[in-house]
Structure formats: structure tokens, C-alpha cells
Amino acid sequence: MSHQIDTDVIRRLRDALLAEGLADAGQGADAILSRRDAALARVAPFAETMYLVMIADGHSSDEELTSVRGAIRILTQGLLNDGDLDALLQRCDAAVSERGAAALLQVLGGRLCANRSDRETAFTLAAAVALADNDIAAEESEMIDNVAEWFGVSSRRAGELLGNIRKPAA
């Protein structure tokens, strides 16, 4: 059984993100580029968090990579093209190589700590990526626990969020 990333929970997360940071900027070419840049900036911490979980066990499955790419597409309503997605994932890889996963997680926690919704969104997306290949490795589980800790998601709230993503879409 494959976990679908396009669920009610992920759609609600997308809607919340769009309401907070990706309002329609108009229809012209400059407006589209501006929206694309805003979308990239807005989803970067979420993409980096998902990337950390994806690589936590030392490899990334096709299902995990598809989930990360799919989540980014959903969150940005398809505004980013394949080149944008590839560049974003390459930046994630470079950040991990440069800083290490633990240091990057701390930086991300600092960037997201002011907004509860963002912290919970990042945690939920990270857990969805771990579930993507139906095999949550011990390292992935540990990374999800670390995400919760660094992002200020309580154990109780983490359990609620995990319960929500395991429920099938209506």
C-alpha cells in the first residue's frame, strides 16, 4: 500500500502556506517570476526538513524522492518546474554537506520556531516522507523525533499530527 502525498492533510497544509505567503501577485511575466521566487523562499525550509528525513537512513528511495517533489509541487500549486525542484534539492544536499544534518536541523528550527503552523507543517511533511516507502528506518524515526524536538512540537501534538496523516483521505 502506497501512501499518497496528495491527501486532505497535505492540501490543508498547502492552503495555509498559500494564505500566509504565496498570495496571487498578478498575471504578468514579472509577477509570475516574483511568485516563483516567493514560492521557492517559502517552501525552502519545508523542503530542507523533508530532505533531512529522506536521507537520514543513508539513502533515498524513489518513493521518498517522489513524495518530496510532490509535496513541493502541491505546496506551490505547480508553480515550480523540474529545474526549480532539482536546484532546490541540490541546495539541500549542499547545505547538509556543508553544515551537517544536525546543524541544518538547528538552523531550520530557528527559522520556523516563531510560527506554530510552520513548525507543525514541517513536522507533518517530514513524517509523510518517512512513510512514503512504507519502511520507516530507525534513523528516519530518530530524525522525525529530532525535528519535533528542534521545532518545538510536543510529544502529544506530534502523536496527533501523525494520526492525521495515517488516516486515508475522505
Are side-chain heavy atoms of Leu52 and Leu108 found at a separation under 4.5 Å? yes
How long is the straight-line distance from CZ of Arg91 back to CD of Glu98, given to the nearest 0.5 Å? 13.5 Å
Less than 4.5 Å apart, any side-chain heavy atom of Leu75 and any of Leu125? yes
Closest non-hydrogen contact found for Ile144 with Ala126 is CD1-O, 4.3 Å
Rounded to the nearest 0.5 Å, how far apart are CZ of Phe46 and CZ of Arg111? 9.5 Å
Mind listing the closest non-hydrogen atom pair of Ala71 and Met50 along with its distance? CB-SD, 3.8 Å
Specify the closest pair of heavy atoms between Ala130 and Ile136, including all atoms of both residues, with the distance to one decimal. O-CG1, 3.5 Å
Can you tell me how far the CG atom of Leu40 sits from the CG atom of Leu79, to the nearest 0.5 Å? 8.0 Å
Going by heavy atoms in the side chains, are Val68 and Tyr51 under 4.5 Å from each other? no
Cluster overlap Val107 with Val153, hydrophobic side-chain contacts below 4.5 Å: no
Between Leu80 and Ala39, what is the shortest heavy-atom contact and its length? CD2-CB, 4.3 Å
Using a 4.5 Å cut-off on heavy atoms from C-beta on, say whether the side chain of Leu105 contacts that of Phe151. yes
Verify same cluster id: Leu85, Leu65 (apolar side-chain graph, 4.5 Å): yes
Do the side chain of Asp37 and the main chain of Ser34 share a donor and acceptor less than 3.5 angstrom apart? no
Can you find a heavy atom in the side chain of Arg119 that is under 4.5 Å from one in the side chain of Arg157? no
When rounded to the nearest 0.5 Å, the distance separating CD of Gln90 from CG of Asp93 is 8.0 Å
State, with a plain yes or no, whether a side-chain heavy atom of Phe123 is found less than 4.5 Å away from one of Thr49. no
Closest non-hydrogen contact found for Ala47 with Leu88 is CB-CD2, 3.7 Å
Dump the intermediate steps for salt bridge (charged side-chain N to carboxylate O under 4.0 Å, His left out) on Asp86 and Arg69, then the final yes or no. CA-CA 9 Å; Asp86 291 342; Arg69 293 173 74 87; 2.7 Å; yes
Tightest non-hydrogen contact, residues Glu48 and Cys92, listed as CG-SG, 3.5 Å
Measuring from Asp57:CG to Ser141:OG, what's the distance to the nearest 0.5 Å? 11.5 Å
Between the CD atom in Glu140 and the CD atom in Glu64, the distance rounded to the nearest 0.5 Å is 4.5 Å
